[in-house]
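Working notes for the structure below.
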Amino acid sequence: MNHWLVKSEPFKYSWTKFLKDGNAVWDGVRNYQARNNLKAMKTDDLVLFYHSNEGMEVVGVAKVVKEFYQDPTTDNPNWVVVELAPVEALQKPVSLAEIKSHPQLSEIALVRQGRLSVMPLRDFEFDIILTLSRL
DNA sequence: GCCAACGTTGGC
DNA sequence: GCCAACGTTGGC
């Protein structure tokens with residue numbers, strides 16, 4: 001199983017709204033690197049949900065419930081969506097500052113490539129973030 | 001609100 | 001195909 005992290009501005013789509021909706025079509029991705037990551041997601045892969053701009057913290061775990069298909073919000077066949085469903089909220093959100101200060105998390109795209117909105121995580125990176133959320 | 005980082009566009 | 005100009009994202 002692969003692990004991922006997606007960003008959302010809580011202003012536009014928050015974790016709270018996601019919980020209420022029960023699932024989400026992850027549309028609007030217009031960046032090739034992020035698109036490639038969406039295409040690589042498999043059903044039941046786990047995805048961390050990060051609040052960018054406001055909050056700046058990982059707030060929950062989601063899973064892939066439907067693999068990629070053409071983004072219905074555009075006619076351009078370059079762009080795709082996946083569908084995600086909430087798994088659980090983190091006991092305690094893990095802030096960007098905590099992630100940045102953790103030596104074993106210094107390689108992740110959240111730190112190295114700030115603008116990427118869909119990124120892969122290595123298994124141990126995913127595990128560390130979950131561990132931090134339980135401290 | 002500012003600005004750095006980075007992606008995209010378009011003129012040549 | 002290069003590169004300057006411009007737009008967007010997102011941390012601070």
Side-chain angles (χ1 to χ4, degrees):
Chain A
M1 183 197 296
N2 291 309
H3 295 97
W4 311 92
L5 182 146
V6 297
K7 291 181 182 176
S8 183
E9 296 182 55
F11 194 128
K12 283 164 66 180
Y13 195 75
S14 68
W15 172 256
T16 307
K17 177 83 165 39
F18 182 43
L19 275 183
K20 202 175 126 200
D21 290 350
N23 79 317
V25 177
W26 212 257
D27 62 19
V29 170
R30 295 292 182 272
N31 169 285
Y32 286 102
Q33 213 181 332
R35 189 279 312 266
N36 291 341
N37 292 330
L38 287 182
K39 282 190 165 184
M41 288 184 183
K42 299 295 179 195
T43 302
D44 291 333
D45 280 357
L46 294 176
V47 183
L48 293 179
F49 193 111
Y50 174 80
H51 276 164
S52 61
N53 269 317
E54 262 177 75
M56 294 192 291
E57 57 194 11
V58 178
V59 288
V61 182
K63 67 175 177 181
V64 178
V65 291
K66 192 160 185 187
E67 291 175 17
F68 79 92
Y69 57 91
Q70 156 89 41
D71 187 336
T73 65
T74 174
D75 290 333
N76 187 332
N78 283 330
W79 308 121
V80 302
V81 299
V82 295
E83 291 182 20
L84 301 179
V87 175
E88 59 178 357
L90 297 187
Q91 277 178 37
K92 179 178 77 71
V94 179
S95 70
L96 180 63
E98 284 179 85
I99 290 170
K100 278 191 162 173
S101 67
H102 196 294
Q104 289 184 80
L105 297 176
S106 62
E107 299 281 305
I108 69 177
L110 193 65
V111 176
R112 305 197 64 159
Q113 202 182 341
R115 295 180 53 205
L116 188 63
S117 61
V118 182
M119 66 196 72
L121 291 180
R122 283 176 283 178
D123 296 352
F124 78 86
E125 293 164 338
F126 181 89
D127 291 342
I128 289 171
I129 293 171
L130 280 197
T131 302
L132 291 175
S133 78
R134 295 185 183 116
L135 293 179

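Numbered from 1 within each chain, the chains take letters A, B, ... in sequence-line order.
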Just the rounded figure in Å: distance from P of C:dG10 to OH of A:Tyr13. 17 Å
A:Met56 CE - C:dT9 P separation (whole Å): 17 Å
State yes or no: do A:Val87 and A:Leu121 share one hydrophobic cluster built from I, L, V, M, F, W and Y residues joined by side-chain heavy-atom distances below 4.5 Å, directly or via other members? yes
Between C1' on C:dT9 and CD on A:Glu9, what's the gap in Å once rounded to a whole number? 8 Å
Could you tell me the separation between the OH atom of A:Tyr32 and the P atom of B:dT8, rounded to a whole number of Å? 7 Å
Phosphate contact (C:dG10 OP1 or OP2) by A:Lys7 side-chain N/O below 4.0 Å: yes
Could you please name the option among B:dC6, C:dC12, B:dT8 that lies closest to any side-chain atom of A:Arg115? B:dC6
If you compare every side-chain N and O of A:Gln33 against the phosphate oxygens of B:dC6 (OP1, OP2), does one of them come in below 4.0 Å? no
Ring-ring centroid check A:Trp79 A:Tyr32, cutoff 6.0 Å: yes
In this structure, how many angstroms lie between the P atom of C:dT8 and the NZ atom of A:Lys12, rounded? 11 Å
Is there side-chain contact between A:Gln33 and A:Met119, with heavy atoms separated by less than 4.5 Å? no
What is the distance, rounded to the nearest whole Å, between atom CG of A:Leu116 and atom P of C:dT9? 13 Å
Just how far, in rounded Å, is P of B:dC6 from CG of A:Leu110? 14 Å
Once the angle between the rings of A:Phe49 and A:Trp15 is folded into 0 to 90°, is it parallel (under 30°), tilted (30 to 60°) or perpendicular (over 60°)? perpendicular
Would you tell me if any nitrogen or oxygen in the side chain of A:Tyr50 comes within less than 4.0 Å of OP1 or OP2 on C:dG11? yes
Without decimals, in angstroms, what is the distance between A:Leu96 CG and C:dG10 C1'? 10 Å
Taking the minimum atom-to-atom distance to the side chain of A:Asn53, which one of B:dG7, C:dG10, B:dC6 wins? C:dG10
